[in-house]
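Scroll down for the structure; my scribbles are underneath it.
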Amino acid sequence: MTSLGLAWRSTKRYRVRAVLAVIGVAIIGALLFDMLLLSRGLLDSFADLLSSSGFDIRIVGSEGVPIVRFPIDGSTRLAADLRALPEVRDVVLIRVERATAQVNGRTPRDVTLVGTTQTGGGPWTIVKGTNLPSASSSSDRCLMLIARRLAAALGVVPGSVVDLSVRPAGIASALPAIACRAVGVVNFAFAATDEDSVATTMIALQDALGLQAADADLVLVASRPAVGSAAAVRAIERLRPDLRVYSNEDVIAQFNQNGFAYFRQISLVLSALTMTFAFLLVATLLTVSVNQRLGEIAALRALGIRRARIASMLLWESALLVGGGGLLALPLGGLLALALDHILRQMPGLPERLHFFVFNWRAVTTHLVVFGMTAAAAAAYPVWLTARLPIAETLRREVVG
Amino acid sequence: MIGRALRATLIALFLGAAAASAADSPSSAQPPGVLLSRQLAARARVSVGDVVTLAVDANGARGMMVRVAGIYEPTPDPMRFTAQRLEAHMHLPDLAALVADSADPAARELASAINVKLVDAHDAGPFASELAARAPGVIVRPTSRTRDDDPFAVLDRFHVAISAVTVVGATAFLLALMVIRAEERRDTIAILRLIGISRRSLLTAVAIEGLLIAVMGAIFGVIVAVATESLVNGVFQARYDTALVFVRVTRSIAVRSIAIALPLGLAAGIGASWPLLRGQILSLFRR
């Protein structure tokens with residue numbers, strides 16, 4: 001009989017403890033797997049979110065990428081200059097303002113109003129209706145896209161008219177409302193789950209602000225693929241040294257350094273703790289189990305089964321417990337990740353599409369490697385114990401005992 | 001004089017006459033006083049009494065000479081614990097003199113926020129509504145967070161969920177160990193039952209044993225947590241150069257841990273021994 005066969009028989013013989021050990025390893029393993037997913041999940045999700053917009057460079061007027069941005073002087077001219085750069089493929093101007101939305105004289109609702117030059121698609125998914133048309137193709141002065149949740153709350157469908165009043169931050173304002181026609185109900189990629197957003201054209205936003213020309217507070221730039229974002233960033237910095245220019249990689253690096261640090265640390269600490277925990281418990285289980293079976297092992301040795309084979313049997317026993325639990329941990333960890341992700345996504349202000357736990361094969365590989373090492377380490381002491389086992393003395397003690 | 005330029009956050013406080021001794025008044029003959037955060041003072045290698053240039057621009061233009069009146073430890077902020085706290089506090093008139101455009105008389109009105117302490121904190125809601133109605137455009141927010149918009153309430157739920165999973169995993173392991181232990185004592189239990197000791201007595205003994213193991217385990221866990229508390233805090237405080245306390249083992253946490261461990265230990269002890277106690281005596285001798 002092979003070592004695996006012997007190990008399997010031992011496991012079957014003590015099936016209650018084996019099942020409990022596998023369950024324990026599976027639960028701890030699920031936690032480890034989740035921590036591995038968490039260690040990069042938010043970063044991967046954030047990178048995915050940024051790249052989904054189709055733009056790889058962000059230009060703002062102040063340092064960092066703060067929540068409150070300042071308008072960029074002469075942004076329309078800047079857009080024209082950027083389009084003239086050979087490194088640049090596309091440019092979009094964006095301005096965000098606080099506003100109220102009112103339908104049929106009902107109670108107004110605070111909204112985030114996004115003005116954009118991007119038409120025919122953007123960082124949103126159409127649920128109902130159509131995209132913002134290009135300025136020249138519509139006779140309406142103000143067309144808008146409305147977030148699904150807000151549309152449901154206000155009873156807005158494509159074709160409904162919504163009165164928008166801009167309320168610029170920090171300024172006493174009595175700007176009149178402008179009537180905007182909703183053309184589409186959308187899910188905004190960057191909007192928080194609890195945020196009510198609407199998007200309109202920059203021209204409509206200028207009208208709402210009562211300005212001849214409204215400066216953008218964010219400029220999105222798509223670099224030419226052949227050139228790459230780094231070269232485009234350098235070209236833009238040469239063009240306007242007073243502005244802050246960030247590639248997606250810069251933003252992600254900044255996020256990794258600041259916003260993501262807590263989750264990276266906690267995943268590292270919990271991964272280390274769970275593995276230590278799993279190692280200690282499996283090693284204890286195996287050691288106690290071996291101590292209980294010393295007579296049996298001595299008898300096997302007396303029958304001529306070599307030390308190496310006994311050691312191999314114990315390694316297989318450890319592998320069956322840890323391996324079985326480790327494999328079960330993957331689907332269990334997936335389910336647990338959904339629950340934990342649901343909890344963490346209740347954080348205020350998070351974009352709806354951002355996730356903390358994102359599946360990646362690297363996490364699966366690391367999980368399996370770590371479990372393999374744990375199985376080997378947990379079996380080390382019992383193997384050492386059986387290798388030093390005095391056969392005759394043990395058998396005598398078993399018989400006399 | 002600071003040899004190299006450092007970018008710092010300037011926070012101006014209008015402290016009023018009574019509190020003006022914290023930093024020198026701008027009207028005194030010597031340069032106005034500023035308070036520097038410990039981190040900024042260390043980075044700039046300045047100490048109390050040094051006269052330095054504080055400038056709006058990195059090249060030193062639009063600057064003024066100030067005297068370091070004191071060095072302070074910034075109030076730990078869990079929302080910003082990864083940020084470098086390079087900060088300086090100065091009187092609002094001094095900040096106005098530093099940053100405001102002298103050609104624009106309105107430029108000296110530069111307070112970006114006003115903190116208001118209400119007589120009754122419960123009036124925050126009505127006060128905010130009234131102020132918003134009287135001063136359109138002003139954003140009024142209470143400084144205390146509600147449970148719904150507090151990210152730490154979410155983190156708390158996350159930690160509780162992880163703890164619950166860990167407890168379930170640990171219970172499975174404890175049960176496995178108790179099963180092994182019960183199996184080891186199969187013959188002993190058989191003999192005890194054979195000489196007439198009741199199942200109830202044996203069950204009580206097993207329950208007490210499980211309880212004792214759980215109590216000892218929980219107390220050991222609390223001791224380990226308390227012993228490693230300062231280590232964890234030390235590592236993270238050094239890593240982020242902050243006075244923020246990351247881990248605190250409170251009495252309520254210790255009591256909660258023990259309260260959770262006791263019934264689990266009890267249940268594991270009884271659950272593992274129950275198959276041996278409920279069966280026929282002869283079956284314990286494998287007959």
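Please read all numbers here as calculations on a predicted model, not as lab measurements. FYI, side chains are in, hydrogens and waters are out, and symmetry mates aren't considered; it's all heavy atoms of this structure.
- Surrounding NE2 of A/H342 are at most 12 heavy atoms belonging to other residues, nucleotides or ligands under 6.0 Å away.
- Both the backbone and the side chain of B/I162 come within contact range of chain A, each with at least one heavy atom under 4.5 Å from a heavy atom of that chain.
- When heavy atoms are compared at a cutoff of 4.5 Å, B/V179 approaches chain A solely by way of its side chain, counted from C-beta outward.
- Of all non-hydrogen atoms in B/A218 and B/I258, the two that sit nearest each other are CB-CG1, 3.8 Å.
- Residues from residues 278-288 of chain A that place a non-hydrogen atom less than 4.5 Å from a non-hydrogen atom of chain B comprise A/L281, A/V282, A/T284, A/L285, A/V288, given in numerical order.
- Interface residue B/Y240: only side-chain heavy atoms are found under 4.5 Å from chain A.
- In this structure, B/R239 is not positioned above the aromatic face of B/F236 in the sense of NZ or CZ being under 6.0 Å from the six-membered ring centre and within 45° of the axis.
- With a threshold of 4.5 angstrom between heavy atoms, A/V25 approaches chain B through its backbone and through its side chain.
- Of the atoms belonging to A/F277, it is side-chain heavy atoms, and not backbone ones, that fall under 4.5 Å from chain B.
- At a 4.5 Å heavy-atom cutoff, A/L350 makes no contact with chain B through either its backbone or its side chain.
- Residue B/A272: no heavy atom, backbone or side chain, is found under 4.5 Å from chain A.
- Ion pairing between A/E317 and A/R293 holds under the 4.0 Å rule for side-chain N and carboxylate O.
- In summary, B/E209 and B/R181 engage in a salt bridge, as defined by a charged side-chain N under 4.0 Å from a carboxylate O.
- The residues A/E296 and A/R13 are annotated as salt-bridged, a charged nitrogen and a carboxylate oxygen being separated by less than 4.0 angstrom.
- Taking the six-membered ring where tryptophan is involved, the planes of B/F158 and A/F263 are perpendicular, since the angle between them exceeds 60° and thus also 30°.
- Under the rule for a side-chain contact (heavy atoms from CB on, under 4.5 Å), the partners of A/I23 that lie at least two apart in sequence or sit in another chain are A/V19, A/I27, B/A172.
- Of the two parts of A/I266, only the side chain, counted from C-beta on, holds a non-hydrogen atom closer than 4.5 Å to a non-hydrogen atom of chain B.
- Of the candidates A/L330, A/V370, A/L332, A/L330 is the only one forming a side-chain contact (heavy atoms from CB on, under 4.5 Å) with A/F33.
- Side-chain contact between A/L270 and A/L31 is absent, with no heavy atoms from C-beta onward closer than 4.5 Å.
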